[in-house]
Amino acid sequence: MLHATIIGTGSYVPSNVMTNEDLTKLVETSDEWIVSRTGIKERRISTGEKTSDLAYEAAYRALQSSGRKATDIDLIICATITPDYFMPSVACMVQGKLGAGRAAAYDLTAACTGFVFALVTAAQFIETGMYTNVLVIGADTNSKILDWKDRSTCVLFGDGAGAVVLSASEEKKGIIAADLTSDGSKHSILVSPAVPLSNPYIQDEIESFNPSIRMQGQEVFKFAVRIVLENIEAVLKKADLKAEDIKYIVPHQANRRIIEHVAKCSGIPLEKFYINLDRYGNTSSGTIGIALVEMLQDNMLQPGDKIIMVGFGGGMTSGAVLLEWN
Ligand code: UT7
């Protein structure tokens, strides 16, 4: 059987840093509130780069580190909720800019779980033998769908992108187990509206159109802590492994308190959870790919290490991937 292994990683964030102090000039908030309730100290906010720009930079770096050429790539999947256009997809824009031959390219929408959904989707193409090299990107410019007057959301998010190149291997390593779940009955607790219906028969909704994120924070929090635990347990069970066998958990970076809660309830020491949300906030589809790059830079991952990447987000969606590093 073929297995999907990560052979390259890349990330990119805009250079512009927005601190909690900067936010106090926009909304009634404080560094103390943001740090104590979320753990976030600063985030990167685009001053002009679009999602496709962030995605391209992360993808280019992932490709460089993989040693593959752009024309070796068979498929590009970009997870995003903030594409430049409804059409073309961000993935197609990256495909063209990279010069990735005739690689298929499309976007996938699973909000902050997008990177995990995209990884698992890519792995299916590899495991079935249809494709050998797949580029997976998670990229979002959340800053364009924030209401900068709403302190309950604008302090949480940032812009950024992460990418990996997955490649087929005959050895049993790479992605070992995955668990993807959705609960559409909760779709209204985390929403960014799209263009409303407007045609010769209906016009009125366009007046109130506002794509800004609306969130019932505590409901999302409750969903997250429950489902992340479930997803971690599910992949451990599928892989017939125990929490002690796992070197690191790479969680979606939304709120430090969510991660602490999951650590406490799972009995997995907090030190095993990689956390960088203090510097980037919630970059949505970008978080896990950005974290992977930093972990590699810090020499944290060695061949044979088993890690779990786990995310949750709008939809509501959630999912985990258990992977043996190679
Ligand atoms: O990828 C998925 C993305 N979303 C999430 O993961 C969100 C999950 N939820 C959370 O992270 C938390 O629920 C929040 C960080 C969003 C909020 O924290 P909380 O402890 O649930 O606070 P709260 O919503 O209960 O609000 C407590 C108070 C309220 O004031 P009152 O009603 O008690 O007077 C809020 O108005 O804090 C107020 N508040 C703020 N104060 C200062 C809300 N936002 C802010 C702010 N600065 N930025």
Side-chain angles (χ1 to χ4, degrees), residues 18-43 45 79-82 109-118 138-143 145-162 180-184 186-192 211-229 231 250-263 273 275-278 280-291 309-320:
M18 179 187 266
T19 63
N20 291 347
E21 198 54 39
D22 295 332
L23 278 161
T24 64
K25 292 168 195 132
L26 299 176
V27 287
E28 200 180 323
T29 190
S30 64
D31 179 56
E32 194 282 325
W33 192 96
I34 303 171
V35 172
S36 64
R37 299 284 178 131
T38 71
I40 300 166
K41 294 179 182 157
E42 59 186 43
R43 70 287 292 143
I45 300 295
T80 184
I81 49 166
T82 52
T109 302
C112 300
T113 325
F115 189 75
V116 172
F117 271 56
D140 274 305
T141 42
N142 295 301
S143 61
I145 54 162
L146 289 174
D147 176 352
W148 289 95
K149 293 191 178 76
D150 176 11
R151 66 179 183 174
S152 71
T153 51
C154 75
V155 305
L156 304 175
F157 295 90
D159 301 332
L180 302 182
T181 51
S182 303
D183 182 357
K186 291 192 170 48
H187 71 271
S188 60
I189 66 175
L190 184 49
V191 171
S192 163
S212 302
I213 292 178
R214 295 194 307 260
M215 181 175 72
Q216 295 173 35
Q218 292 190 359
E219 291 306 310
V220 176
F221 195 105
K222 280 188 265 176
F223 169 82
V225 292
R226 178 179 58 77
I227 204 74
V228 166
L229 280 166
N231 292 138
V250 191
H252 170 50
Q253 310 282 316
N255 185 326
R256 189 181 169 92
R257 280 163 52 221
I258 293 176
I259 298 171
E260 286 172 350
H261 203 89
V262 169
F273 288 76
I275 301 178
N276 65 4
L277 58 84
D278 50 319
Y280 303 113
N282 180 349
T283 55
S284 198
S285 318
T287 59
I288 292 176
I290 293 171
M309 297 174 262
V310 59
F312 63 91
M316 298 299 284
T317 55
S318 73

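Note: hydrogens, waters and symmetry copies are ignored here, and every other heavy atom, side chains too, is used. The structure displayed is predicted, hence computed values, not measured ones. One-based numbering, in listed order, for ligands and for the atoms of each.
- Shown in contact with Ala254 at under 4.0 Å from a heavy atom are these atoms of ligand 1, numbered in order with element: 6 (O).
- Counting atoms of ligand 1 from 1 in the listed order, those under 4.0 Å from a heavy atom of Cys112 are 1 (O).
- Annotation: atom 47 (N) of ligand 1 to nearest protein heavy atom, Thr29 OG1, 2.6 Å.
- Each of the atoms 44 (N) of ligand 1 lies under 4.0 Å from some heavy atom of Ser152.
- Between the side chain of Thr82 and the backbone N or O of Thr141 there is at least one donor-acceptor pair closer than 3.5 Å.
- Between Lys222 and Glu219 there is a salt bridge, since at least one side-chain N of the basic residue sits less than 4.0 Å from a carboxylate O of the acidic one.
- Each of the following atoms of ligand 1 lies closer than 4.0 Å to a heavy atom of Arg37: 19 (P), 20 (O), 22 (O), 27 (C).
- A donor-acceptor pair under 3.5 Å links the side-chain atoms of Gln253 to the main chain of Pro251, judged by distance alone.
- Looking only at heavy atoms of the protein, atom 14 (C) of ligand 1 is closest to Asn255 ND2, 4.5 Å.
- Contact annotation for atom 31 (P) of ligand 1: protein absent (non-hydrogen atoms, distance under 4.0 Å).
- Here the side chain of Asn282 pairs no donor or acceptor atom with the backbone of Asn255 at under 3.5 angstrom.
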Report the C-alpha distance between Ser284 and Asp140 in whole Å, list the side-chain angles of each, state the deciding distance to 0.1 Å, and finish with yes or no for side-chain hydrogen bond (donor to acceptor under 3.5 Å, both in side chains). CA-CA 6 Å; Ser284 198; Asp140 274 305; 3.3 Å; yes
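- Of the protein's non-hydrogen atoms, Asn282 ND2, 3.4 Å is the one closest to atom 3 (C) of ligand 1.
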For Ser285 and Thr80, what are the C-alpha separation, side-chain angles and deciding distance, and is it a side-chain hydrogen bond (donor to acceptor under 3.5 Å, both in side chains)? CA-CA 6 Å; Ser285 318; Thr80 184; 5.3 Å; no
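- Considering only non-hydrogen atoms, atom 24 (O) of ligand 1 lies nearest to Gln218 out of Gln216, Gln253, Gln218, Arg151.
- Atom 5 (C) of ligand 1 has Val220 CG1, 3.6 Å as its closest protein atom, hydrogens excluded (heavy atom only).
- Applying the 4.0 Å criterion to heavy atoms of His252 picks out, from ligand 1, the atoms 1 (O).
- Distance screen at 4.0 Å: atom 42 (C) of ligand 1 has a protein heavy-atom neighbour inside the cut-off.
- The closest side-chain heavy-atom distance from Phe221 to Arg257 is below 4.5 Å.
- For ligand 1, the atoms sitting less than 4.0 Å from at least one non-hydrogen atom of Val155 are 48 (N), numbered in the order shown with element in parentheses.
- The backbone N or O of Leu156 lies less than 3.5 Å from no partner atom in the side chain of Arg43, so there is not a single donor-acceptor pair.
- Shown in contact with Arg257 at under 4.0 Å from a heavy atom are these atoms of ligand 1, numbered in order with element: 18 (O), 20 (O).
- Judged by distance alone, with hydrogens and angles left aside, the side-chain atoms of Thr29 form no donor-acceptor pair with the main-chain N or O of Arg151 at under 3.5 Å.
- Taking atom 4 (N) of ligand 1 as the reference point, the nearest protein heavy-atom neighbour is Met215 SD, 3.3 Å.
- When non-hydrogen atoms are compared, ligand 1 lies under 4.0 Å from the side chain of Ile258 (C-beta onward) but not from its backbone.
- Within the 4.5 Å cutoff, the side chain of Val27 has heavy atoms near those of the Cys154 side chain.
- For atom 44 (N) of ligand 1, the nearest non-hydrogen atom of the protein is Trp33 CH2, 3.3 Å.
- For atom 9 (N) of ligand 1, the nearest non-hydrogen atom of the protein is Gly217 O, 2.9 Å.
- Numbered from 1 in the order shown, with element, the atoms of ligand 1 that lie under 4.0 Å from a heavy atom of Thr38 read 15 (C).
- What you find for Asn142 and Gly158 is that their closest heavy atoms are ND2-O, 2.9 Å.
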